[in-house]
Asks: 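Let me give you the structure first, and then I'll get to my questions.
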Amino acid sequence: MIPIVGDLIQSTVGNVVDRLVGKYLPESMSEQDRENLKLEARRLSIDEYKTAIADVQGARKLASDETVGAPGWTKILTVTHRPIWSFLILGLFAWTVLAPYFGFDEIKLTGTHKEIMQTVIIFYFGGRTVEKATSYLRPR
């Protein structure tokens, strides 16, 4: 596991486990049993994390395998659809902010439109962040 990610998981899981052990286990439980429980909880959470990463990698491999023999335009679409939508949403947002200053017609957006724009932006940047982070976890 990557040291930074491993440390993050250990510290986060460790904090949660320590709180749970302190709050829900009886005081009469021996210190050795408490430590064993903490170690087992950490091991299980790391196993769960590894399983989740393996699932993501399996889905990527499946998606990659499905594109074999596909027309070229579909391969281009799989790479460009997210940036294209993001640039369109960013352009629409910029228009709503700048149009009044330049004397152009304003586009009235409802709350639903704004939520959709925010969702697109969040998924684009969030998805890219997750992809970059998990790319360091793949076996080389």
Asks: What heavy-atom pair brings Asp105 and Trp95 nearest, and what distance separates the two atoms?
Replies: O-NE1, 3.2 Å
Asks: Look up atom OG1 in Thr110 and atom NZ in Lys108, then write down how far apart they are to the nearest 0.5 Å.
Replies: 12.5 Å
Asks: For the residue pair Gln32 and Asn36, confirm or rule out a side-chain donor-acceptor distance under 3.5 Å.
Replies: yes
Asks: Do the side chains of Val97 and Phe104 join up, straight or via other hydrophobic residues, at under 4.5 Å, putting them in one cluster?
Replies: yes
Asks: Just do the side chain to side chain contact (heavy atoms under 4.5 Å, CB included) check on Arg43 and Asp47 with the steps written out, would you?
Replies: CA-CA 6 Å; Arg43 186 190 65 74; Asp47 287 348; 2.6 Å; yes
Asks: Roughly how far apart are Thr96 OG1 and His113 NE2, rounded to 0.5 Å?
Replies: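 Rounded to the nearest 0.5 Å, the OG1-NE2 separation comes to 12.0 Å.
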Asks: At what distance, to the nearest 0.5 angstrom, does CZ of Phe87 lie from CG of Leu92?
Replies: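 Between atom CZ of Phe87 and atom CG of Leu92 there are 15.0 Å.
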Asks: Evaluate the side-chain proximity of Leu44 to Glu48: yes if any heavy-atom separation is below 4.5 Å, no if none is.
Replies: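 No. Closest side-chain heavy atoms not under 4.5 Å.
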Asks: According to a hydrophobic-cluster definition based on side-chain heavy atoms being under 4.5 Å apart (Ile, Leu, Val, Met, Phe, Trp, Tyr only), do Phe102 and Leu109 belong together?
Replies: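 Looking at the clustering, Leu109 is in the same group as Phe102.
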